[in-house]
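This report refers to the structure that appears directly beneath it.
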Amino acid sequence: QVQLVESGGGLAQPGSSLRLSCAASGATLDDNTIGWFRQAPGKEREGVACLTRSDRGTYYADSVKGRFTISRDDAKNTFYLQMNSLKTEDTAVYYCAADPSVMAMMYPLERSSYHNWGQGTQVTVSS
């Protein structure tokens with residue numbers, strides 16, 4: 001089972017950038033579909049970006065397309081979320097997730113597809 005630890009959150013101004021990192025241990029990320037999710041106060045946790053295990057396809061929520069990029073560094077067993085042109089509505093706790101299952105490959109932006117989660121990191125976008 002893979003353990004995940006996020007870092008890189010914080011306070012950012014609208015229009016600026018942040019990069020989140022998710023370091024994995026206990027298993028290689030190469031065998032997993034990986035994803036980033038976020039949860040704003042009073043809202044459900046939603047899928048933001050993911051990269052599938054099989055074809056390395058990337059998928060993004062419509063709200064972040066063209067602004068966020070998911071990537072991975074297998075040598076470091078770490079994956080990232082580069083967030084550009086941040087908006088106030090991007091404010092949320094961000095979670096990384098990983099899962100080796102076929103379910104995660106088929107439904108990579110669905111929260112229920114993942115069984116391994118990080119602890120979350122707060123991102124606040126405010127002027």
Side-chain angles (χ1 to χ4, degrees):
Q1 189 166 349
V2 60
Q3 290 81 47
L4 304 171
V5 178
E6 301 103 337
S7 60
L11 177 64
Q13 291 191 334
S16 68
S17 300
L18 279 177
R19 189 177 79 157
L20 305 181
S21 300
C22 183
S25 61
T28 60
L29 286 176
D30 195 47
D31 298 330
N32 287 264
T33 291
I34 56 178
W36 287 96
F37 291 73
R38 67 185 181 187
Q39 188 166 16
K43 294 189 176 181
E44 295 288 321
R45 191 174 300 186
E46 63 172 353
V48 173
C50 64
L51 194 155
T52 56
R53 185 188 80 185
S54 57
D55 60 358
R56 298 291 195 261
T58 54
Y59 302 87
Y60 296 93
D62 288 343
S63 57
V64 306
K65 280 181 182 177
R67 300 189 298 122
F68 290 12
T69 303
I70 186 172
S71 63
R72 63 195 296 161
D73 184 336
D74 289 338
K76 296 182 178 180
N77 217 30
T78 299
F79 61 104
Y80 306 94
L81 184 68
Q82 178 67 43
M83 305 186 293
N84 298 330
S85 302
L86 283 163
K87 303 177 180 181
T88 56
E89 51 263 45
D90 294 321
T91 295
V93 178
Y94 283 72
Y95 299 88
C96 61
D99 201 281
S101 68
V102 171
M103 179 68 73
M105 281 196 300
M106 293 177 62
Y107 305 102
L109 283 176
E110 293 294 324
R111 174 185 180 181
S112 60
S113 297
Y114 295 83
H115 294 86
N116 304 297
W117 293 86
Q119 81 285 358
T121 185
Q122 177 70 46
V123 172
T124 302
V125 184
S126 175
S127 56

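Scope of the values below: all heavy atoms of this structure, side chains included, with no hydrogens, waters or symmetry mates.
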Table please: side-chain donor-acceptor pairs of residues 27-34 below 3.5 Å, with sequence neighbours left out.
from	atom 1	to	atom 2	distance (Å)
Thr28	OG1	Asp31	OD2	3.2
Asp30	OD1	Arg56	NH2	2.1
Asn32	OD1	Asp99	N	3.3
Asn32	ND2	Thr28	O	3.1
Thr33	OG1	Arg53	N	2.9

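- Identified under the ring-ring contact (aromatic ring centres under 6.0 Å, His included) test for residues 31-55, with sequence neighbours left out: Trp36-Phe79, Phe37-Tyr114, Phe37-Trp117.
- When side chains are defined from C-beta on, Ser126 counts as touching Leu11, because their heavy atoms get closer than 4.5 Å.
- Hydrophobic clustering, with ILVMFWY side chains joined whenever heavy atoms are under 4.5 angstrom apart, keeps Tyr59 apart from Met106.
- To the nearest 0.5 Å, atom CD of residue Gln1 and atom CD of residue Gln3 are 6.5 Å apart.
- Put simply, the side chain of Gln82 never gets that close to the backbone of Thr69: no donor and acceptor are under 3.5 Å apart.
- Under the 4.5 Å side-chain criterion, counting only non-hydrogen atoms from C-beta, Glu6 is not in contact with Tyr94.
- Scanning all heavy atoms of the two residues, the minimum distance from Tyr60 to Ile70 falls at OH-N, 3.0 Å.
- Note on Val123: it clusters hydrophobically with Phe68, by side-chain heavy-atom contacts below 4.5 Å among ILVMFWY residues.
- A donor-acceptor contact shorter than 3.5 Å is absent between the side chain of Ser85 and the backbone of Arg67.
- Just one residue in the list Leu18, Val64, Thr124 forms a side-chain contact (heavy atoms from CB on, under 4.5 Å) with Leu86, and that residue is Leu18.
- Taking both residues in full, the closest heavy atoms of Gly9 and Leu20 are given as N-CD2, 3.6 Å, listed atom of the first, atom of the second, then distance.
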Take Lys65 and Asp62 through the salt bridge (charged side-chain N to carboxylate O under 4.0 Å, His left out) test and state the conclusion after the steps. CA-CA 5 Å; Lys65 280 181 182 177; Asp62 288 343; 3.1 Å; yes
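- The SG atom of Cys22 sits 11.0 Å away from atom CZ of Arg72, with the distance rounded to the nearest 0.5 Å.
- Of all heavy-atom pairs spanning Ala24 and Leu4, the tightest one is CB-CD2, 3.7 Å.
- A donor-acceptor pair under 3.5 Å is formed between the side chain of Thr91 and the backbone N or O of Val125.
- Distance check, rounded to the nearest 0.5 Å: SG of Cys50 to CE of Met105 gives 12.5 Å.
- Considering OG of Ser113 and CE of Met103, their distance stands at 6.0 Å, rounded to 0.5 Å.
- A donor-acceptor pair is defined here as one N or O able to donate and one able to accept, closer than 3.5 Å; no such pair exists between the side chain of Ser21 and the backbone of Ser7.
- The minimum heavy-atom distance linking Gln119 with Val5 is given by the pair OE1-CA, 3.7 Å.
- The two atoms that bring Ser63 and Arg38 nearest to each other are OG-NH2, 3.4 Å, heavy atoms only.
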